[in-house]
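Reading through the structure tokens given below for one structure.
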Amino acid sequence: MHVTLPDGKQLELQHGATALDAAKAIGPRLAQDALAATANGELTDLMTPLPDEAAITLITKKKPEDAAPLFRHSLGHVLSQAVGEFYMAKGFPREAVKRGVGPFIENGFYQDFDLPAPLSEEDFPAIEGVMRDILGRNLDITRADVGKAAALEQFAYDPYKVELIAGLPDDEPITFYSQGDYVDLCRGPHFPRTGALPTAFRLMSTSSAYWRGDASRPTLQRVYGVAFATQKELDAYLERLEEAKRRDHRKLGREMELFVIDPLVGKGLPLWLPNGAILREELAAFLKEQQFQRRYQGVITPNIGNLELYKTSGHYQNYSDSNFSPITVDDEQYMLKPMNCPHHVRIYASKPRSYRDLPVRLAEFGTVYRYEQSGELNGLTRVRGFTQDDAHIFCRPDQLKKEFLDVLDLTVLVLATFGMTDVRFRVGTRDASGGKYVGSDENWEAAERQIIEAVGEVGLPFTVEPGDAAFYGPKLDFVIKDVIGREWQLGTIQVDYNLPERFDISYTGEDGADHRPIMIHRAPFGSLERFVGILIEHYGGDFPLWLAPRQVLIVPIADRHNDYARELEQELHAAGLRAEVDDSSNRMNAKVRSAELSKIPVMLIVGDQEQAGRQVSVRERTTEGTRERKAVGFDDLKTELLERYRARA
RNA sequence: GCUUGUGUAGCUCAGUGGUAGAGCACUCCCUUGGUAAGGGAGAGGUCGUCAGUUCAAUCCUGACCACAAGCUCCA
């Protein structure tokens, strides 16, 4: 076989040779330092046979981070081994610990266990201790091919492994990786020995995980760990987690009095406090202005609807699990509205439509209710009652592309307005097998094709995810990462040929005949709840002036300046700015501190000097830090603030 | 819904088998201070809920409720 090295040098090795063989052929020193390799661009380990034509690079202890997935995976095995030893030390037999899967993940690894007694996070220091001990033993990690029968015999005690092995093809060898007396079914790749693994790891949490992700199968206990090549990287990662905690919208939401979730009202049903309501209203006003310019028309629809409506739309049948149960009134059944679309369709159908009327763009901040599983609820980002910035565009086929592009343009504008750059565009299409979709194949294909075309035309990077479509049509979602890397879907655009058909809506064409309109569903924010939640974390509570619930705080230095301060407050308020006076008996330093902690963007400090010349001393929070200006004319400042407010800066 | 945790004053958290404490916030008094904490006093708690064990439970046990992390799910 043929191996090409990064410098272009060629090696001729025996068939089945490994990266270690290649390293040995180059030199004994390299063979000693090598930890992993890439073959034709893919990470591999030192013990797996190379392909017959391989361009390889060797990864040594100088740059272990290049092989992070490998050491994370190996540390997962070390965890698995350590947990086994931990339970044996408690007197359980070796076979008592059964294991699900244990892959590497973004910053670390996890391992699923079926344990004889639950593991708690208090056990982590002890288990980490065993792990470090295993690293200290410097066990060789070896790879072996075994036959299926032997594999089944080896893991006869472990039903999970048996199931995994049984699912593997009969004729291909099954690989095991071992270190010391620990053996696991594994495809690899791994580090060559436990002593080479980084010690910068930490066990983070446990959780339940369904065997094979299936809620009807047994629950396993999953242990998560993070691991990095160096302690410095681990520390930086932990610091990021701390930062995420500081920015957590649930914490800031309470501190800044934006919202509360009151169990007496109901879980997943947030109450917007005055400060939060301001945020929400500012966002709504921003979008309404845009929609007005783009010729949308506002509509308002009720929060419940007749069950027949949702049977016609298909929401009732297709999403029975996530609807609130119907309410019976006078022999009729009603349901809390899970979607605004059916209502908007009926508004479209409320009068005959001509091709001249199209497109019809109906917009509503519509509140919907969905029964989310209790474990899914999360602050504002996952709730049971929320308001979508919804709109439905009914258009002719020849208008579809232009309309879609306009919606895309609006969404890009929204994201840009908030400086959201780490956004992923995801095209959700049907998956071939699924039966939950309504409508004809040709409609689906046309819709999917047009979304992909339009997105391509705008030049946005996107991924296509089969199976991610709505039941009535494919969609384009905007997905943003929060501070700790969790992804949240924000806006969505969906092309729908099916609801118009289900509701049998039409327009009269130029030819005098009836034609079927196409619907676009769109929500640039997605939901106001989730968007505000993400926005709080995005800004860390430091909102720009236009969004800040408390914009200006006037700080009188002594009581004798209170009247002047109140006078300024009156004027700012009359001009439409959210201003307050801190007339408490605190010292001015304390007032400044308290305003800073409240993240109020503009502070006006007034004392004798300012009062004499109708001036203010300005202290502002900016992304670059504190900015101070002394002796600023109040009227100029007011004009400046108003301009910034109107410009949404 | 599942697993592991957590639940004590508005917030952040101590604490004990003999019915509770701090800091901040709040109220009042003193202080009138020039860009991140002036001083003092006071008020505030059914120790998540309901059962059980006990002479006695905030503490131990159980169930429930809520919350957190993750899993599953997300029109």
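It should be emphasised that the depicted structure is a prediction, and the values quoted were computed from it without experimental measurement. Reminder, nothing fancy here: chain letters follow the sequence lines and each chain counts from 1. Only this structure's heavy atoms are used, side chains among them; waters, hydrogens and symmetry mates stay out.
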Measuring only the [atom1] atom in each nucleotide, how far is [N] from [M]? A whole number of Å is fine.
N: B/G62; M: B/G7; atom1: P; value: 16 Å
N: B/C59; M: B/U54; atom1: P; value: 15 Å
N: B/A75; M: B/U12; atom1: C1'; value: 40 Å
N: B/C73; M: B/C11; atom1: C1'; value: 33 Å
N: B/A14; M: B/G45; atom1: C1'; value: 15 Å
N: B/C26; M: B/A63; atom1: P; value: 42 Å
N: B/A56; M: B/C60; atom1: C1'; value: 13 Å
N: B/C50; M: B/G15; atom1: C1'; value: 25 Å

Applying a 4.0 Å non-hydrogen cut-off, can you work out what [X] is touching in the nucleic acid: base, sugar-phosphate, or nothing?
X: A/S585; value: base
X: A/K251; value: nothing
X: A/L597; value: base
X: A/D214; value: nothing
X: A/T219; value: sugar-phosphate
X: A/N589; value: sugar-phosphate
X: A/K267; value: sugar-phosphate
X: A/D583; value: nothing
X: A/E610; value: base
X: A/Y224; value: sugar-phosphate
X: A/G607; value: base
X: A/A558; value: base

Minimum-distance nucleotide to [X] side chain [options: [options]]:
X: A/Q373; options: B/C73, B/U35, B/U3; value: B/C73
X: A/V592; options: B/A36, B/A75, B/U3; value: B/A36
X: A/Q494; options: B/G38, B/A75, B/U35; value: B/A75
X: A/E372; options: B/G34, B/U3, B/C74; value: B/C74
X: A/K630; options: B/U35, B/A36, B/C71; value: B/U35

Could you check, using the six-membered ring where one of them is a Trp, whether [X] and [Y] have ring centers closer than 6.0 angstrom?
X: A/F394; Y: A/Y348; value: yes
X: A/F425; Y: A/F462; value: no
X: A/F471; Y: A/Y319; value: yes
X: A/Y472; Y: A/H521; value: yes

Classify the side chain of [X] and the base of [N] as holding, or not holding, a donor-acceptor pair under 3.5 Å.
X: A/S322; N: B/A75; result: yes
X: A/S208; N: B/C2; result: yes
X: A/R382; N: B/C73; result: yes
X: A/R619; N: B/A36; result: yes

In the strands shown, is [N] matched to any nucleotide by a Watson-Crick or G-U wobble pair with both distances under 3.5 Å, and which?
N: B/A20; result: none
N: B/U32; result: none
N: B/C71; result: B/G1
N: B/G7; result: B/C65
N: B/U27; result: B/A41
N: B/C47; result: none
N: B/A57; result: none

Exercise. So, A/E257 versus A/N275: side-chain donor-acceptor pair below 3.5 Å or not?
Worked result: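 There is no such pair between these side chains.
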Euclidean distance, atom [atom1] of residue [X] to atom [atom2] of [N] [Å, nearest integer]:
X: A/D262; N: B/G48; atom1: CG; atom2: P; answer: 17 Å
X: A/L115; N: B/U3; atom1: CG; atom2: P; answer: 14 Å
X: A/L476; N: B/A75; atom1: CG; atom2: P; answer: 14 Å

Below the 4.0 Å mark, does [N] have OP1 or OP2 next to a side-chain nitrogen or oxygen of [X]?
X: A/N378; N: B/A69; result: yes
X: A/K591; N: B/A36; result: no
X: A/R250; N: B/A69; result: yes
X: A/R254; N: B/U12; result: yes

Exercise. Do the rings of A/Y160 and A/W211 sit parallel, tilted or perpendicular, given the 30° and 60° boundaries?
Worked result: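 Because their plane-to-plane angle is over 60°, the rings of A/Y160 and A/W211 count as perpendicular.
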Exercise. Would you say A/Y564 and A/I554 make side-chain contact, with heavy atoms under 4.5 Å?
Worked result: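 No, side chains not in contact.
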Exercise. If you draw a 6.0 Å radius around CZ in A/R426, do more than 12 non-hydrogen atoms from other residues or ligands fall strictly inside?
Worked result: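 Yes, because the 6.0 Å sphere around CZ of A/R426 holds more than 12 heavy atoms from other groups.
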For this session: Using the six-membered ring for Trp and the full ring for Phe, Tyr or His, decide whether A/Y319 stacks on the six-membered base ring of B/A75 (centres under 5.5 Å, planes under 30°).
Result: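 Stacking between A/Y319 and B/A75: present.
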Exercise. Has the side chain of A/E537 got a donor or acceptor atom that lies under 3.5 Å from a matching backbone atom of A/H249?
Worked result: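 Checked: pair present.
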